[in-house]
Amino acid sequence: MSIKETQNKIEAIMDQLYKEEEFLTEEKGESRQKVFDSGKEVLTTTDKIIKSYIRVPKDNREIVRIPAYRIQHNNIAGFYKGGIRFSQGVNEEEVENLAVLMTLKNALHGLPYGGAKGGVDINPKDFSPRELNMVSRKYVQRFAPDIGPTRDIPAPDMGTDERVMDWMIGEYKTIHPGQNYLGAFTGKSIENGGAFGRREATGKGVYHTYLWLVNEWAGKQQEEELNLEDGVHRKQFNVLKRIYEQHKNRQPVRLAVQGFGNVGGVAAYMAYHCRHSAHHVVAVSDHLVTLYNENGLDIDRLLAYHRQHHQLPATEEELSEAEVEAVPLHRDDILTLDMDVFILAAIEDQITEKNMKEVKADILVEGANAPITSEADSYLHEAGKVVIPDILANAGGVLVSYLEWKQDRITRFYTEDEVLIEMYDQLSKTCDKVFPDYFNDRLPDIRNTCYLKALKQLFLLLYKHGKLY
Ligand code: NAD
């Protein structure tokens, strides 16, 4: 979904909110219109876009000039917060859209943060550790005045990890001697004040959100109690009930995961080892290949291979080294394979107008940010498929980042159990706000319900702060 599509969605939902008479009853008539117009204006305008260039001498002494971004969308709910991605081709529009999604995600889950995002236009695989260390430190040098524990708090995203966060916090500390620095970055190593379980948090949260919807909500819901006249809502409910029955009866549910990095690798592991279901992880993919086995792939062996080679085995030789039985297919074949559940955990714009009609999965979970375009999203919804949107499903990382930031301020460290309990608890609470309302009030779609809840919160904060006129 592009920045324009996200902004259009925000505007449409603000119009929907304007018509909700019980929302903001104190504003009526012309004044109500003005207040809503100004809310729309604020939430579709980005606070600050910073672009810089990082110059780094490569190991062969060639100097490369790399575009780098930090974009802060809105901080009405708290300090700016959002990951930094190292990814080839990353651009201003992409980073700005991701910053807006962070504002919405944090508001939806009740976090005291605004939204921001960072990007560096490199393929980290083409850089040596020394070069990556330099890119990370120079990024902090460029953006130092705009980041900090009470200003803007970056975290890992695609292509970055705890090693990068450790380098970045080290540089931040050097630049700001004597200042409180630990909470300036999250997703750090444990030694550097990181939280137990942060690395796995997003993937675990993605899987939890899907399982909660099927087992905890649809499984326990009596159809008669729901107001299910509309065809799409009924179709979706039937999908959830069917998958729940399969879980309950230990019948295999065919699940696939696109992207085998931090988020996708963990989500695949969770599905493979889940005690509450009998998933066959029939396909996984990365930037090179899709691996398919209709009886289920051996995820433990694939993870072991990936730990060593940082990619999936893509040839017959590599598969035999990994001791995995699978058919290697084209990277993008995963999008349209026969399956019940599809976790998208790679990059943006994977399901589009071009392939949406070929999608077979009945439940699609957005582990990645914006992997489904607007048109495809509407089409899949109308077809009765259940799309669990990014801002709902992939918030595990930022929820645990919040705990890390808190523990760095009070220097009382959470145990891994405490971290996971808090994360699952908050994700379940948010799901419990979204799904019953979506089905009972027959709201337009699940993404719309999430946006509506987030925007209500942001709009009220802007109003109470006296920022709308
Ligand atoms: P990562 O760099 O660890 O992994 C990305 C994976 O996607 C790799 O396996 C890569 O090979 C694969 N990939 C890249 N292009 C692909 C393609 N065209 N087809 C199939 N696979 C492809 O990144 P990550 O941290 O796992 O992030 C994945 C997504 O999740 C991103 O959209 C990111 O913004 C989102 N996300 C991450 C976090 C987090 O905590 N890491 C939090 C929220 C959202």
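Every number for a ligand or one of its atoms is a count from 1 in the order of the listing. Residue numbers count from 1 along this sequence. This one's a predicted model, so the numbers in the text were calculated from it and none came from an experiment.
For ligand 1, the atoms lying closer than 4.0 Å to a non-hydrogen atom of Ala368 are 29 (C), 30 (O), 32 (O), 35 (C). Close approach to Ser285 involves these atoms of ligand 1, each under 4.0 Å from a residue heavy atom: 20 (C).
Aromatic ring centres of His287 and Phe260 lie farther apart than the 6.0 Å criterion allows. A ring-centre distance under 6.0 Å is found for Tyr113 and Trp405. Taking the six-membered ring for Trp and the full ring otherwise, the centers of Tyr139 and Phe143 sit less than 6.0 Å from each other. Here the two rings, on Tyr269 and Tyr272, have centers that are 6.0 Å apart or farther.
Counting heavy atoms under 4.0 Å from ligand 1, residue Arg198 touches it through the side chain alone. The proximity of Ala345 to ligand 1, defined as any non-hydrogen pair under 4.0 Å, is limited to the backbone. When non-hydrogen atoms are compared, ligand 1 lies under 4.0 Å from the side chain of Gln258 (C-beta onward) but not from its backbone. Contacts between Thr202 and ligand 1, counted as non-hydrogen atom pairs separated by less than 4.0 Å, involve the side chain only.
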Start with the C-alpha gap between Arg331 and Asp286, add the side-chain angles, then the distance that decides, and say whether salt bridge (Lys or Arg N to Asp or Glu O under 4.0 Å) holds. CA-CA 7 Å; Arg331 180 190 74 188; Asp286 69 1; over 6 Å; no
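Ligand 1 has an N or O atom lying under 3.5 Å from an N or O atom of Asn369, backbone or side chain. Between Arg85 and ligand 1, at least one pair of N/O atoms sits closer than 3.5 Å. Checked against a 3.5 angstrom limit, the closest N/O atoms of Gly397 and ligand 1 fall outside it.
A salt bridge is absent between Glu92 and Lys51; no separation between the charged side-chain nitrogens and carboxylate oxygens falls under 4.0 Å.
Under the side chain to side chain contact (heavy atoms under 4.5 Å, CB included) rule, Pro67 has a single partner from Ile122, Asp121, Val90, which is Asp121.
The option from Leu344, Val398, Val263 that lies nearest to atom 24 (P) of ligand 1, judged by heavy atoms, is Val263. Between atom 43 (C) of ligand 1 and the options Val257, Val284, Asn394, the minimum heavy-atom separation is to Asn394.
With hydrogens left out, the protein atom closest to atom 41 (N) of ligand 1 is Asn262 ND2, 3.7 Å, a heavy atom. Considering only non-hydrogen protein atoms, atom 17 (C) of ligand 1 sits nearest to Arg331 CD, 3.8 Å. Among protein heavy atoms, atom 23 (O) of ligand 1 sits closest to Met158 CG, 3.3 Å. For atom 11 (O) of ligand 1, the closest heavy atom belonging to the protein is His287 ND1, 2.7 Å. Here the protein heavy atom with the shortest distance to atom 9 (O) of ligand 1 is Phe260 N, 3.1 Å. Shortest contact from atom 4 (O) of ligand 1 to any protein heavy atom: Gly261 CA, 3.3 Å. The nearest protein atom to atom 31 (C) of ligand 1, hydrogens excluded, is given as Ala346 O, 3.3 Å; this is a heavy-atom distance. Protein heavy atom in closest approach to atom 36 (N) of ligand 1: Asp157 OD1, 3.7 Å.
Taking the side chain as every heavy atom from C-beta outward, Asn74 and Val42 approach each other to under 4.5 Å. Side-chain contact check for Leu108 versus Thr430: some heavy-atom pair is nearer than 4.5 Å. You'll find the side chain of Phe342 reaches within 4.5 Å of the side chain of Gln258, heavy atoms only. With a 4.5 Å cut-off on side-chain heavy atoms, Asp146 and Lys48 count as touching.
The closest approach between a heavy atom of Gln311 and any atom of ligand 1 is not below 4.0 Å.
Partners of Glu422 by side chain to side chain donor-acceptor pair (under 3.5 Å), not counting sequence neighbours: none found.
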